[in-house]
Participant: 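Here you go, one structure.
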Number of protein chains: 2
Amino acid sequence: MGESLHQRIRSDIEARILSGAWGPGDRIPYEHELMEQYGCSRMTVSKALSGLAETGLIERRRRAGSFVARPLAQSAVLQIPDIPAEIAARGDAYGYELLSCTRRRSTKLDRDRLRMDGRRAIPVLDLCCRHRARGEPFALEERLMNLAIVPEEAVKAFDTIPPGTWLLHHVPWTEAENRISAGPAGPAKAKLLGVSPDTACLVVERRTWRGPDPVTFVRLTYPGHLYELVARFTPTR
Amino acid sequence: MGESLHQRIRSDIEARILSGAWGPGDRIPYEHELMEQYGCSRMTVSKALSGLAETGLIERRRRAGSFVARPLAQSAVLQIPDIPAEIAARGDAYGYELLSCTRRRSTKLDRDRLRMDGRRAIPVLDLCCRHRARGEPFALEERLMNLAIVPEEAVKAFDTIPPGTWLLHHVPWTEAENRISAGPAGPAKAKLLGVSPDTACLVVERRTWRGPDPVTFVRLTYPGHLYELVARFTPTR
DNA sequence: AAGTGGTCTAGACCACGTT
DNA sequence: ACGTGGTCTAGACCACTTT
């Protein structure tokens, strides 16, 4: 009941890609292989694969086969921006400074920020860093990471690599939430950003999950005059 | 060459809907009628209609037929918020005031705002209105509408109905762009919003298109403490 | 040259909602 | 009850691209 065969084929493949079992560039089975595997006609397989291709999850190439689409770097960047890449795209020099970095067991506040219901403490990393463009402060980043998902080995990388960039390239996510607001910089952030305390800032708070598990919470504060969020989109989808 | 038959069927129907020849709620021909009309099999027609249904342009109902979708107050709300609905959802009383409303032929600045390349002037409506929640100013709206698309009869409705709400329910769009930034209210808007001029505000600029034609440009200014934009999303799709 | 995906056919049965 | 769309089959030919 419920699910049709082409839907099942589609979600089977989707699951393998999202779980990471099939990575970017991997070839997925040929149509005739899937026909055998599911005991169905080619049209049915084709409908499943066409759907996946339309959403951009796979690419289909004649004579070669169908492949897990390359980077989400392209499509995901539209929604989870990579700050160094954005600054580079504007032709500006990028700068990064790690301001603080603390490992601890999660407090109640941490779990609220990560939107965890549970009461159980988990190891988290709490860090703060500053992004610069052309030498000038561009954004402040306050971040909480779930160390049950982010491996400890990664932590030392954050001395030189922005954690957002590292995450984008190493941890697949299945869901995210952006919360965008405006507010004054306030005294502490004003000092770190080199602006006056009542400067209007764009504040982006983002949470990401991998399946049921929270991955990270981040609050990015941009002085208003330095940043615009742009999103182009079509109905429904 | 180039275009396959199901693509041609699809774009034929798309054109009729976007031109307004077939309006929301209209029934489009049955599959078997299209089979005759194009002299093809049902699968081919089905592929065309399925595609249109996936993008939300039509709705298909068993036993009844396929219909031009009503422009989607529901699903679009996630991306193009309807302010009265949002305020009602919070349980607050909603208020609307039309502050100014001018009909004119587009200036160069108007066409820039609408992202029109052409030099040819078109009739536009320039209006400004204020939204209130619980009696307090909630947001200012500055809007430019393309009167080649929005019918003149609608204009008088804007005395009492917010133009964004009217558009959401009457004009289908195919593409939109949000541009989000933060900045001080400034003296003029501060007065209209009842805040101090240096208050941090969230500014959302949105452009929408119907096919190649610009529909509207709107700038919404929210006092920072009153509004958050929330978007939940998944990769790819 | 060979084999992939892209498209299309002419059927079929079924689920479902309108009548 | 009926007719719609939803799904599926077992073929077929073609265009393209890699080998």
Side-chain angles (χ1 to χ4, degrees), chain A residues 1-17 22-70 235-237, chain B residues 1-17 22-70 72 74-75 236-237:
Chain A
M1 34 210 129
E3 213 181 29
S4 61
L5 183 51
H6 72 261
Q7 281 173 343
R8 201 185 120 208
I9 299 175
R10 180 170 171 170
S11 43
D12 280 359
I13 295 173
E14 222 164 50
R16 285 191 182 85
I17 294 175
W22 293 348
D26 288 358
R27 189 179 62 71
I28 73 173
Y30 294 122
E31 291 191 349
H32 69 83
E33 292 173 330
L34 290 168
M35 286 169 62
E36 278 185 33
Q37 186 176 328
Y38 288 94
C40 68
S41 77
R42 194 173 147 225
M43 280 291 311
T44 304
V45 167
S46 176
K47 184 159 191 174
L49 296 187
S50 300
L52 290 167
E54 265 180 37
T55 67
L57 207 60
I58 68 171
E59 282 176 20
R60 314 190 72 191
R61 294 203 296 272
R62 285 179 156 102
R63 167 74 216 207
S66 299
F67 300 82
V68 177
R70 269 294 157 193
T236 66
R237 42 160 356 211
Chain B
M1 29 197 182
E3 212 181 32
S4 60
L5 183 51
H6 72 261
Q7 280 172 343
R8 202 185 117 208
I9 299 174
R10 180 169 171 171
S11 42
D12 281 358
I13 295 172
E14 223 163 49
R16 285 191 182 85
I17 295 175
W22 292 348
D26 288 356
R27 189 179 62 71
I28 72 174
Y30 294 120
E31 290 191 350
H32 68 83
E33 292 172 331
L34 291 168
M35 286 169 61
E36 278 185 33
Q37 186 175 329
Y38 288 93
C40 67
S41 78
R42 196 176 144 221
M43 279 292 311
T44 305
V45 167
S46 175
K47 186 159 191 173
L49 296 186
S50 301
L52 290 168
E54 264 180 38
T55 68
L57 209 59
I58 68 171
E59 281 176 20
R60 314 190 72 191
R61 295 205 293 274
R62 285 177 155 103
R63 167 74 219 211
S66 299
F67 300 82
V68 178
R70 317 209 152 265
L72 338 133
Q74 255 186 341
S75 52
T236 67
R237 45 161 355 216

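Residue numbering restarts at 1 for every chain, and letters A, B, ... go by the order of the sequence lines.
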Participant: Rounded to the nearest angstrom, tell me the gap between atom CD in B:Glu54 and atom P in D:dG6.
Facilitator: 11 Å

Participant: Determine whether a donor-acceptor pair (N or O, by modelled atom type, separation under 3.5 Å) exists between the side chain of B:Ser46 and the backbone of B:Arg42.
Facilitator: no

Participant: Tabulated below should be each protein N or O lying under 3.5 Å from an N or O of nucleotides 15-19 of chain D; please produce it.
Facilitator:
{"unit_1": "D:dA15", "atom_1": "N3", "unit_2": "A:Arg62", "atom_2": "NE", "d": "3.4"}

Participant: Hey, is the side chain of A:Thr44 poking within less than 4.0 Å of OP1 or OP2 on D:dT9, counting only N and O atoms?
Facilitator: yes

Participant: Within less than 4.0 Å of OP1 or OP2 of D:dG6, is there a side-chain N or O belonging to B:Ser46?
Facilitator: no

Participant: Can you tell me the distance, in whole Å, between the CZ atom of A:Arg27 and the C1' atom of C:dG3?
Facilitator: 12 Å

Participant: So do the side chains of B:Leu5 and B:Arg8 get within less than 4.5 Å of each other, counting heavy atoms only?
Facilitator: yes

Participant: Minimum heavy-atom separation for A:Ala64 to A:Tyr30, with atom names?
Facilitator: O-CE2, 3.5 Å

Participant: For A:Glu31 and D:dT9, what is the distance between atoms CD and P respectively, to the nearest whole Å?
Facilitator: 13 Å

Participant: Is B:Ser66 touching bases, backbone alone, or none of the nucleic acid, heavy atoms closer than 4.0 Å?
Facilitator: sugar-phosphate

Participant: Please determine whether a side-chain nitrogen of the Lys or Arg among A:Arg10 and A:Glu3 lies less than 4.0 Å from a carboxylate oxygen of the Asp or Glu.
Facilitator: no

Participant: Could you check whether B:Leu5 gets within reach of a base, just the sugar-phosphate, or nothing at all, counting any heavy atom under 4.0 Å?
Facilitator: sugar-phosphate

Participant: OP1, OP2 of D:dT7 versus side-chain N and O of A:Lys47: anything below 4.0 Å?
Facilitator: yes

Participant: Looking only at heavy atoms, what is the nearest atom pair of B:Val45 and B:Cys40, with distance?
Facilitator: CG2-SG, 3.7 Å

Participant: Is there any protein nitrogen or oxygen under 3.5 Å from a nitrogen or oxygen in nucleotides 11-13 of chain D, and what are the pairs?
Facilitator:
{"unit_1": "D:dA12", "atom_1": "N6", "unit_2": "A:Arg42", "atom_2": "NH1", "d": "3.1"}

Participant: Of B:Gly65 and A:His6, whose closest DNA chain D nucleotide lies nearer the 5' terminus?
Facilitator: B:Gly65

Participant: What's the closest nucleotide to the B:Cys40 side chain, out of D:dG5, D:dT7, C:dT9?
Facilitator: C:dT9

Participant: Provide, to the nearest angstrom, the distance between the CD atom belonging to A:Glu33 and the P atom belonging to C:dG3.
Facilitator: 13 Å

Participant: Within this structure, what is the CE-CE distance for the pair B:Met43 and A:Met43, rounded to the nearest 0.5 Å?
Facilitator: 3.0 Å

Participant: B:Ser66 and side chain to side chain contact (heavy atoms under 4.5 Å, CB included): which single residue from B:Asp26, B:Leu52, B:Ile58, B:Leu34 fits?
Facilitator: B:Ile58

Participant: State, with a plain yes or no, whether a side-chain heavy atom of B:Ile28 is found less than 4.5 Å away from one of B:Leu49.
Facilitator: yes

Participant: Round to a whole Å and report the spacing from CZ of B:Phe67 to P of C:dG17.
Facilitator: 14 Å

Participant: Please state how far atom CZ in B:Arg60 lies from atom P in D:dG3, giving the value in whole angstrom units.
Facilitator: 18 Å

Participant: Answer yes or no: does a side-chain N or O of B:Ser4 lie under 4.0 Å from OP1 or OP2 of C:dT7?
Facilitator: yes

Participant: Would you mind reading off the distance between B:His32 atom NE2 and D:dG6 atom C1', rounded to a whole angstrom?
Facilitator: 16 Å

Participant: How many angstroms lie between atom CD of B:Glu14 and atom CD1 of B:Ile17, to the nearest 0.5 angstrom?
Facilitator: 7.5 Å

Participant: OH of A:Tyr30 versus P of C:dG6: gap in Å, rounded?
Facilitator: 14 Å

Participant: Please report the shortest heavy-atom distance between B:Phe67 and B:Gly25, naming the atom on each side.
Facilitator: CD2-O, 3.4 Å

